[in-house]
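So the structure is just underneath, and the comments pick up after that.
Note that this is a predicted model, so its numbers are computed, not measured. By convention here, the first residue in the shown sequence is residue 1.
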Amino acid sequence: ENAKLRSQVMELQVTLATGVLTELSRLREENDELRSKGAAVAENIVGKGWKGPAALLQAPYDLFVVFSIKAAEIMAYYGFSYIYVSYVS
């Protein structure tokens with residue numbers, strides 16, 4: 001009975017390893033496909049020749065939000081500095 005259980009365990013290990021390797025290869029293929037799509041999109045955007053702030057129009061929305069927040073922080077800092085220097089000192 002022990003030998004039978006060992007053979008079943010070995011079969012399960014082989015099946016599991018085969019399934020894991022199959023899933024891993026599928027995920028690698030999917031990753032390669034997504035990278036190639038991303039490279040094609042980046043090449044398309046760069047090929048259009050967007051320069052300066054106009055390039056943000058083609059960027060992902062999250063990146064646009066981050067740059068907008070940074071721009072607002074910069075304007076607030078310099079605005080506060082101008083008011084502080086002019087009226088407080």
Side-chain angles (χ1 to χ4, degrees):
E1 187 173 314
N2 193 16
K4 184 179 176 183
L5 287 175
R6 285 182 190 225
S7 68
Q8 286 179 347
V9 166
M10 290 297 287
E11 288 176 19
L12 288 174
Q13 286 176 342
V14 168
T15 304
L16 179 65
T18 305
V20 167
L21 291 176
T22 304
E23 182 69 15
L24 184 61
S25 66
R26 185 188 68 77
L27 289 172
R28 283 184 179 155
E29 289 173 5
E30 185 178 329
N31 188 22
D32 291 339
E33 181 181 329
L34 290 174
R35 284 181 186 235
S36 66
K37 283 183 182 178
V41 169
E43 182 180 325
N44 190 16
I45 290 173
V46 171
K48 288 181 180 178
W50 293 93
K51 303 260 189 239
L56 282 177
L57 296 174
Q58 298 298 317
Y61 179 73
D62 297 340
L63 187 61
F64 179 76
V65 169
V66 168
F67 277 117
S68 300
I69 290 171
K70 287 296 179 186
E73 287 177 358
I74 291 167
M75 287 188 283
Y77 175 79
Y78 284 107
F80 181 76
S81 297
Y82 177 78
I83 291 171
Y84 182 73
V85 169
S86 297
Y87 297 107
V88 177
S89 60

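- Listed by first then second residue, pairs satisfying salt bridge (Lys or Arg N to Asp or Glu O under 4.0 Å) with a partner in residues 63-81 read Lys70-Glu73, not counting sequence neighbours.
- When atom types are taken as modelled, the side chain of Ser7 and the backbone of Lys4 share a donor-acceptor pair closer than 3.5 angstrom.
- Residues satisfying the side chain to side chain contact (heavy atoms under 4.5 Å, CB included) test with Glu23, not counting sequence neighbours, are Arg26, Leu27.
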Quick one: do Gln13 and Met10 satisfy side chain to side chain contact (heavy atoms under 4.5 Å, CB included)? Show the steps, please.
CA-CA 5 Å; Gln13 286 176 342; Met10 290 297 287; 3.5 Å; yes

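- Residues passing the side chain to side chain contact (heavy atoms under 4.5 Å, CB included) test with Val65, sequence neighbours excluded: Tyr61, Ile69.
- Both Tyr77 and Ile74 sit in one connected hydrophobic cluster of ILVMFWY residues. Membership requires side-chain heavy atoms under 4.5 Å apart, directly or through other members.
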